[in-house]
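Contents: one structure, followed by commentary.
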Amino acid sequence: MSVSPDRFAALWRSLLPIGRNGDGGYVRYSWSEAELACREWFVEEALDRDLDVEIDGNGNLWAWWGSPDKSSDSAIVTGSHLDSVPHGGAYDGPLGVVSALLAVDVLRERGVRPARPLAVVVFTEEEGARFGVPCLGSRLLTGAVAPDRARDLRDRDGKTLADAMAQAGLDPDRLGPDPARLARVGAFVELHIEQGRALDDLGRPVGVASAIWPHGRYRLDFTGQGNHAGTTRMTDRHDPMLTLAYTVLAANKEARLQGAHATVGKVDVEPNATNAIPARAIAWLDARAADEATLDGLVEAIRKRAEDRAGRDGTAFTLKAESTTTEVSFDNPVSRLAARELDAPILPTGAGHDAGVLAGHVDTAMLFVRNPTGISHAPQEHASDVDCAAGVDGLADVLARLCR
Ligand code: GLV
Ligand code: MN
Ligand code: MN
């Protein structure tokens, strides 16, 4: 028994209108109205399938087929996230959730009676698009982020995570590590849209992840002297925007030199007026590399160049890591089983995932579904219904083997 592309499309379409923007992109920040509606959609779909739904202290949703065994690590867990980056694509996250629900259907239709409990999970704030720290739900679960720090993370409007969760009816005092829950999980499998074109180049619909590049987010603060744009002589300026602009170019150059990736995709400027030299600018650097030594070298090189330039501009510069993720290897029995079962190509990725966080604690595998545009975190992200259906079948095959 396998899922038809039409059947995939029917469930997929039911989620598509939620949080869709005029540009075709999605704005589904965690705990926003749109993300809450996605959660509601998930709970309804899970209940329709007679799954037992619960929400953990960190706001992650779990839908159980079979009772979680409190005394063993027998549970097989699959899923992803429903939040998005600003104006992101439809597939990043939701494809893994929709595929997990459909995989449950496929297993039932195949007559599989899992010998182990199986859960579909939705992790919260995977993108870090609202509160700045990616994979926040899985990091809290595993203890990688301290609950006090998490409660006080703020969105652009200054609202704390604690307030946003309380407004959604959750108790932020329950945030924090959940070793008992984690101990019940024997394997985690996350299916995800591919965020590059490797599968398309290989002519294959589904792949398996080998590793996640180490990566980090760094806050760059540039401070100068706010002043009048018309009356301040060019030689008298201490313009932090110049230091920022130079730093962006330097980051790009250093990343190219080192075969790594560096991006500045978010800036705040104060006072943000056309006719004023800014007093302050804040930028966020996203840096990624194939190994940790290269990543460290890249960030240090960018820091050095920005400091030198700040000296010349008469501005001040600081760099602070907001979140870092070490290299993740998926070299474990579950991932090897997935690669064997699907006879799929094995690919590394530069994108972060909850699977990367879980991999430090539990045997974890990732499946990728072909994305012919190669574009992600933008509206053009795409996978065909035929490939998505192949992804569901592949996921069901892997889960069937694991649940035995
Ligand atoms: C998650 O999508 C990331 O930023 O890698
Ligand atoms: Mn993403
Ligand atoms: Mn994702």
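Ligands are counted one by one from 1 in listed order, and the atoms in each one are counted from 1 as well.
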Mind listing the closest non-hydrogen atom pair of Phe330 and Ala355 along with its distance?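 So the minimum-distance heavy-atom pair works out to CE2-O, 3.9 Å.
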Could you tell me whether His81 approaches ligand 1 through its side chain, its backbone, both or neither, with non-hydrogen atoms closer than 4.0 Å?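 Neither part.
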Side chain or backbone of His377 under 4.0 Å from ligand 1, or both, or neither, by non-hydrogen atoms?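 Within the 4.0 Å criterion, His377 contacts ligand 1 through side-chain atoms alone.
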Under 3.5 Å side-chain donor-acceptor pair for Trp284 and Glu322: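 On atom types as modelled, these side chains qualify, holding a pair under 3.5 Å.
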For the Mn ion (ligand 2), find the closest N/O/S atom belonging to Glu127 and write down its atom name.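 Among the N, O or S atoms of Glu127, the one closest to the Mn ion (ligand 2) is OE2.
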Would you confirm whether Ser99, through its side chain, and Gly96, through its main-chain N or O, come within 3.5 Å as a donor-acceptor pair?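 Side chain of Ser99 to backbone of Gly96: no pair is present.
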Only N/O/S atoms count here: what is the atom of His81 closest to the Mn ion (ligand 3) called?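 In His81, the N, O or S atom with the shortest distance to the Mn ion (ligand 3) is NE2.
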For N/O/S atoms only: which one belongs to Asp92 and is nearest the Mn ion (ligand 3)?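 The atom in question is OD1.
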Please determine if the Mn ion (ligand 2) has an N/O/S atom from His377 lying under 2.8 Å away.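 Given the 2.8 Å cut-off, His377 counts as a ligand of the Mn ion (ligand 2).
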Which atoms of ligand 1 are found less than 4.0 Å from any heavy atom of Ala351?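 Every atom of ligand 1 under 4.0 Å from some heavy atom of Ala351: 5 (O).
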Does the N or O separation between [X] and ligand 1 drop below 3.5 Å for any pair?
{"X": "His215", "result": "no"}
{"X": "Gly350", "result": "no"}
{"X": "Arg288", "result": "yes"}

Closer than 4.0 angstrom, basic N to acidic O: yes or no for [X] and [Y]?
{"X": "Arg303", "Y": "Glu300", "value": "yes"}
{"X": "Asp354", "Y": "Arg139", "value": "no"}
{"X": "Asp397", "Y": "Arg401", "value": "no"}

So, for Tyr91 and His382, is the gap between ring centers shorter than 6.0 Å?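 Close enough - the centres of the two rings lie under 6.0 Å apart.
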Given Gln195, Glu127, Arg217, which has its nearest heavy atom closest to atom 2 (O) of ligand 1?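 It is Glu127 that holds the nearest heavy atom.
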My understanding is that only one of Leu175, Leu182, Thr124 makes a side-chain contact (heavy atoms from CB on, under 4.5 Å) with Leu141; could you say which?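 Testing Leu141 for a side-chain contact (heavy atoms from CB on, under 4.5 Å) against Leu175, Leu182, Thr124 leaves exactly one candidate, Leu182.
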